[in-house]
2 protein chains.
Amino acid sequence: MNTKLSLDFGKIIRELRKGKDISQEELGFRSNLHRTYIGMIERGEKNITLESIEKLSKGLDVSMKLIFEKLNKIHQ
Amino acid sequence: MNTKLSLDFGKIIRELRKGKDISQEELGFRSNLHRTYIGMIERGEKNITLESIEKLSKGLDVSMKLIFEKLNKIHQ
DNA sequence: GTTCTTGCTACATACTAAAGTTAGCATTTT
DNA sequence: AAAATGCTAACTTTAGTATGTAGCAAGAAC
């Protein structure tokens, strides 16, 4: 992957995770995704699906709406 | 699939498409996705990826942010 | 009023690209 | 040194593409 979109999305996830001050592993637990997969997402290497976006949003305790509001600001 | 999330997402896409008064095939052309895939998404049968969400949003001429605002209202 | 189109959608199947999951080790950071 | 992250590689599952069939509605047409 590594498209502008996946890179921008990863940046937002990393920013939100750091804002909560938790590790990739901890976010992995909270969102039921593997820690290495979290890393791939943050690096923009994967094209995440809707279900996984929802898992991440729950793990980060934010709404998907918020994620896309942030994405809207930095993307394009 | 056919999770609550994919069903809710599909409902919003169908609603937006009908609002533009275009067919699944026409939306397929505009978003560079296959016509049958548009149908599957609207029926909640597939777990769409971020890239395809962006394609759909461009084809529908709305922002991803708007899609998730609408999703937020009906989902959960 | 029953036959032709015509357009749209549902649905089945099959293929191939890539998402999702995991393990292991290297590298960076604190 | 320990904790966190990067990175690779292998594997399973599924998204996404493609083609084809069937059904339904509306409308025109003879």
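- Checking side-chain atoms of B:N47 against main-chain N and O of A:E51 turns up a donor-acceptor pair under 3.5 Å.
- Between the CZ atom of B:R43 and the P atom of C:dC8 there is a distance of 16 Å, rounded to whole Å.
- Atom P of nucleotide D:dA3 and atom CG of A:D21 are separated by 16 Å, given to the nearest angstrom.
- Side-chain atoms of B:S6 come within 3.5 Å of backbone atoms of B:G44 as a donor-acceptor pair (strictly under, hydrogens ignored).
- With D:dC7, C:dA23, D:dT17 as the choices, the nucleotide that has an atom nearest any side-chain atom of A:E45 turns out to be D:dC7.
- Nearer to the 5' terminus of DNA chain D, by closest-nucleotide assignment, is the contact made by A:E42 (compared with the other of A:E42 and B:N47).
- Between A:I48 atom CD1 and D:dT14 atom P the separation is 16 Å, expressed in whole Å.
- The residue among B:T49 and B:T36 whose nearest nucleotide of DNA chain C is located toward the 5' end is B:T36.
- The CD1 atom of B:I22 sits 10 Å away from the P atom of C:dT9 (whole-angstrom rounding).
- Side-chain atoms of A:S52 never come within 3.5 Å of backbone atoms of A:I48 as a donor-acceptor pair (strictly under, hydrogens ignored).
- For C:dA10, the OP1/OP2 oxygens have a side-chain nitrogen or oxygen of B:Q24 closer than 4.0 Å.
- With rounding to whole Å, A:E51 atom CD is found 18 Å from D:dT13 atom P.
- Look at CG on B:L33: it is 17 Å from C1' on D:dT19, rounded to the nearest Å.
- A donor-acceptor pair under 3.5 Å is formed between the side chain of B:R17 and the backbone N or O of B:I22.
- For the pair B:E25 CD and C:dT6 C1', the computed distance is 12 Å after rounding to whole Å.
- Nucleotide C:dC11 holds its P atom 14 Å from the NZ atom of B:K46, rounded to whole Å.
- In this structure, B:K73 places its NZ atom where only 12 or fewer heavy-atom neighbours from other residues, nucleotides or ligands lie under 6.0 Å away.
- Counting only heavy atoms from C-beta on, B:M40 has its side chain closest to D:dA18 among C:dT21, D:dA18, D:dA15.
- Side-chain N/O atoms of A:R14 include one lying less than 4.0 angstrom from OP1 or OP2 on D:dG6.
- Regarding contacts with the backbone of D:dA4, every side-chain N or O of A:R17 stays at 4.0 angstrom or more from both OP1 and OP2.
- Note on B:R35: every side-chain N or O is 4.0 Å or more away from OP1 and OP2 of C:dT9.
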